[in-house]
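Working notes, structure below.
Please read these numbers as outputs of a predicted model, since none were measured by experiment.
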There are 2 protein chains.
Amino acid sequence: MNIGEIARRAGVSRSTVSYALSGKRPVSAATVQRINDVIAELGYRPNASARALAEGRTRTLGLVVPPASRRLTDVQLGFVGSVVDAAAAHDLDVLLSPSGGDHDRSFERIVTGRRVDGVILMEILLEDPRVERLSQASLPFVTIGHVEHPGASWWVDVDYGALITRCVHHLADLGHEEVVLINRSAELVAAGYGPALRSATGFLDATAARGLTARTVCCADEAAAGLACFEQIRTQWPSVTAAVTINEAALPGVQRALHRAGLEVPRDFSLTGVIAERLAEDFHPPLTAADVPAVELGRLAVDLLLAQIADAGAEPRHALLEPPISLRSSTGARRHG
Amino acid sequence: MNIGEIARRAGVSRSTVSYALSGKRPVSAATVQRINDVIAELGYRPNASARALAEGRTRTLGLVVPPASRRLTDVQLGFVGSVVDAAAAHDLDVLLSPSGGDHDRSFERIVTGRRVDGVILMEILLEDPRVERLSQASLPFVTIGHVEHPGASWWVDVDYGALITRCVHHLADLGHEEVVLINRSAELVAAGYGPALRSATGFLDATAARGLTARTVCCADEAAAGLACFEQIRTQWPSVTAAVTINEAALPGVQRALHRAGLEVPRDFSLTGVIAERLAEDFHPPLTAADVPAVELGRLAVDLLLAQIADAGAEPRHALLEPPISLRSSTGARRHG
DNA sequence: TTGTATGCGTTATCAG
DNA sequence: CTGATAACGCATACAA
């Protein structure tokens, strides 16, 4: 079932069928009608590979995600979903590439096989070889997150530093004097994961500015680690009265540790940070936190990528979002004594 | 940068380059060497579209997922991850199609655009129009989950009925006499979502067989619903002493309701069901439950799909997994009094 | 062991 | 308004 067959049955040439479909050249109403009838009858659709070959574009976007071994967080999942949906809204398909840091086969196929018109790269590091690779391949791409020196690249991100700073100020305003940052895992920090490092910097700067005593810990992305981590905080720094976190996966464990220690939130302890909305609401009590606008970031990434594809020579653009902190009920005034 | 350019620089014909690459015809070592040098120098990789067109296959698998609006559960996320990883292990790419029940544009593109060699369909209904559509398109496909009358189709699934039955027997053995099934949402049940319906059937059969009093409720896939749902259970059927659930998303709410009611698990109340391993372990106390082997199912689905692609006329195969119940600590003997 | 020629299904250019 | 026909880049049957 190809365009030639349609042409034959409709009694026209293949080019006429092609133009009737694309509308790039006037075709008489009668002919269009006849062609459409045949197409509807046979359920014809153009072969994507042939079209891509002739047209020089694939109508497909690549999305590079962390490999499944590293389980996706709620925020990351939000990215994937919104990117796929946004792409579908433009009649574009999304090709997934599970890639961990180094350029594996899947990533190389995407980059160099002309399988996609552009790439969205998520979960990048401050120094990410894949960004380099994509740049030199001169394939349009947008990163969710930004490298240390973004230079002339396209990206969207959340301003973790600013958000954590706002969290710290919020806690300082409530009278807290010793606060802890529960960061992502030590491995991620060591690898140069932007959100973790920028959060740490923001935290240290803000606590210094407000004259607070700052403590920081790394915590693996699991509930068990959250539990252990919080208990360690309690023993090591018993006078800490509030925590800031960007570690969603640790939350259930923190919740349990809080309960086990007999601490009531926010009466005895305040908790805030940057967290996916759903998880913030699932917490008990609901977390006062900056909700990562994952859906908006995904949509934005697709928009930027399409702009870049449409005009390869365009000025690089980026978006640094700073969503408001949603006041829920997990922070309160420090209790003296 | 195409194969002709490589051929020119290596001083051979295009077919020689092609054969050197595919190994489908002997090429002298010296020539291979020369070709590989040029390829390495220029970073050449064959154009995927051209290759797909010539070869009649795309080396790409389609994965139909629920649209992002319906947030993916942990189990579903496990499917996606494992399918993508398993495909990558075979050097295959995965094209994502967000499709809700009806055949939308994205789904149609996948089915009829010859963009993929086969499709994996997840989250299907007992009567699913997409299964019909794929059948008549004669495109190889495997479903994760199975329709009511699978006939000659390929699928992998977890035996929800059997697992729920085992959970009920486990509770009956512990002396529980009135138990409740916390199912997925009423919408899913009404739509004909297999796991929900098969769980309900298994639950009713098993409770009847053991002479237990059976209660069932539907619960939306959110923590808040889980909370409300559990509180309703307590007021409506106060003598219920154990629950079976397949609703992962409701778990945080159930946890909270349990705590709010002053119920200790498993002393005052037992909880079990079919739950993603991570969530079962995150619960407090860890849930005695059947862990959905999402990773294995995903891998299996890819294996079956590849077998089907390799031999279109092969006998349809399927796999109905019945993973063991992991004994953790959320179930105990019914406390009399 | 290698080269030539054809086909894969579209799009787009050039004629009419 | 419509028809031939040449790309697009690769794989492969056919020759040598």
Side-chain angles (χ1 to χ4, degrees), chain A residues 1-36 38-39 42-60 91 93 109-117 137 139, chain B residues 1-36 38-39 42-60 91 93 109-117 137 139:
Chain A
M1 174 58 45
N2 56 29
I3 201 172
E5 179 70 12
I6 303 295
R8 207 177 53 69
R9 299 215 192 193
V12 296
S13 73
R14 291 179 317 187
S15 53
T16 300
V17 175
S18 177
Y19 284 118
L21 247 32
S22 70
K24 291 185 180 175
R25 160 170 122 172
V27 178
S28 80
T31 314
V32 167
Q33 175 70 318
R34 207 145 22 97
I35 291 174
N36 281 338
V38 176
I39 286 180
L42 299 188
Y44 164 79
R45 305 208 105 226
N47 178 308
S49 300
R51 186 207 284 248
L53 183 58
E55 215 174 7
R57 63 175 184 143
T58 60
R59 298 166 187 269
T60 304
D91 280 336
D93 288 314
R109 274 201 305 274
I110 293 254
V111 173
T112 182
R114 265 85 114 231
R115 299 181 104 308
V116 300
D117 298 332
L139 182 64
Chain B
M1 174 59 44
N2 56 29
I3 200 172
E5 179 71 11
I6 304 295
R8 206 176 54 68
R9 300 213 190 194
V12 296
S13 76
R14 291 180 317 192
S15 58
T16 299
V17 175
S18 178
Y19 284 120
L21 246 34
S22 69
K24 292 186 179 175
R25 161 171 121 172
V27 177
S28 79
T31 314
V32 167
Q33 175 68 331
R34 206 148 20 99
I35 291 175
N36 281 339
V38 176
I39 287 180
L42 300 188
Y44 163 80
R45 303 208 103 225
N47 177 309
S49 301
R51 184 207 285 248
L53 182 59
E55 210 175 9
R57 64 175 184 143
T58 60
R59 298 165 188 268
T60 304
D91 280 337
D93 288 315
R109 271 201 306 274
I110 292 257
V111 174
T112 183
R114 264 85 114 237
R115 299 181 105 306
V116 299
D117 298 332
L139 182 64

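Out of C/dT1, C/dG3, D/dA4, the shortest distance to the side chain of B/Ser28 is found at C/dT1. The side chain of B/Tyr19 lies closest to D/dA13, out of D/dA11, D/dG9, D/dA13. Checking D/dC1, C/dT1, D/dC10 against every side-chain atom of B/Pro26, the shortest atom distance belongs to C/dT1.
Separating the CZ atom of B/Arg34 from the C1' atom of C/dT1 is a distance of 12 Å, rounded to the nearest angstrom. The interatomic distance linking A/Arg8 (CZ) with D/dA4 (C1') rounds to 18 Å, in whole Å. Nucleotide D/dT5 holds its C1' atom 8 Å from the CZ atom of A/Arg14, rounded to whole Å. At whole-Å resolution of the value, CD1 in A/Ile3 and P in D/dA7 are 19 Å apart. Rounded to whole angstrom, the span from the CZ atom of B/Arg57 across to the C1' atom of D/dC10 amounts to 13 Å. In this structure, CZ of B/Arg59 is placed 13 Å from P of D/dC10, rounded to the nearest angstrom. Atom-to-atom, CD1 of B/Ile6 to C1' of D/dA11 comes out at 16 Å; the value is rounded to the nearest Å. The CG atom of B/Asn47 sits 17 Å away from the P atom of C/dG9 (whole-angstrom rounding).
Residues A/Ser49 and B/Thr58 form a side-chain contact, since some pair of their non-hydrogen atoms from C-beta on lies under 4.5 Å apart. Within the 4.5 Å cutoff, no side-chain heavy atoms of B/Tyr44 are placed close to those of A/Thr112.
Here A/Leu53 contributes atom CG and A/Arg114 contributes atom CZ; the two are 10.5 Å apart, rounded to the nearest 0.5 Å.
Side-chain atoms of A/Arg34 come within 3.5 Å of backbone atoms of A/Ala10 as a donor-acceptor pair (strictly under, hydrogens ignored). Judged by distance alone, the side chain of A/Ser15 and the main-chain N or O of A/Ser13 form no donor-acceptor pair under 3.5 Å. Judged purely by atom type and a 3.5 angstrom limit, B/Ser18 has no side-chain atom pairing as donor or acceptor with the backbone of B/Thr16. With B/Asp117 contributing its side chain and B/Arg57 its backbone, the two residues share no donor-acceptor pair below 3.5 Å.
Nucleic acid contact for A/Arg114: none, since no nucleic acid atom lies under 4.0 Å from a heavy atom of the residue. At a threshold of 4.0 angstrom between heavy atoms, the contacts of A/Pro46 are confined to the sugar-phosphate backbone, with no base atom among them. Note on B/Gly113: nothing from the nucleic acid sits closer than 4.0 angstrom, heavy atoms only.
In terms of phosphate contacts, B/Asn2 brings a side-chain nitrogen or oxygen within less than 4.0 Å of OP1 or OP2 of D/dG9. Listed pair A/Lys24 / C/dT11 fails the phosphate criterion, with no side-chain N or O lying under 4.0 Å from OP1 or OP2. A sub-4.0 Å separation between OP1 or OP2 of D/dT2 and a side-chain N or O of A/Thr31 is present. One finds no side-chain N or O of B/Ser18 lying less than 4.0 angstrom from the OP1 or OP2 phosphate oxygen of D/dC10. For C/dG9, neither phosphate oxygen OP1 nor OP2 lies less than 4.0 angstrom from any side-chain nitrogen or oxygen of A/Arg51. Contact check, B/Ser15 against C/dG3: no side-chain N or O comes under 4.0 Å of OP1 or OP2. Between B/Tyr44 and D/dC10, a side-chain N or O to OP1/OP2 separation shorter than 4.0 Å is present.
Ionic pairing of A/Asp93 and B/Arg109 is present here: one or more N-O contacts between side-chain nitrogen and carboxylate oxygen are shorter than 4.0 angstrom.
Identified under the side chain to side chain donor-acceptor pair (under 3.5 Å) test for residues 19-28 of chain A, with sequence neighbours left out: A/Ser28-A/Thr31.
When each of B/Leu21 and A/Leu53 is assigned the nucleotide of DNA chain D bearing its nearest heavy atom, the one mapping closer to the 5' terminus is A/Leu53. Comparing B/Arg25 and B/Glu55 along DNA chain D, the residue whose closest nucleotide (by nearest heavy atom) sits nearer the 5' end is B/Glu55. Heavy-atom distances to DNA chain C give each of B/Ala54 and B/Ala29 a nearest nucleotide, and the one nearer the 5′ end belongs to B/Ala29.
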**Request:** Would you sketch DNA chain D in dot-bracket for me? Only Watson-Crick or G-U wobble pairs with both distances under 3.5 Å count, crossing pairs as [ ], other-strand pairs as |, the rest as dots.
**Result:** ||||||||||||||||
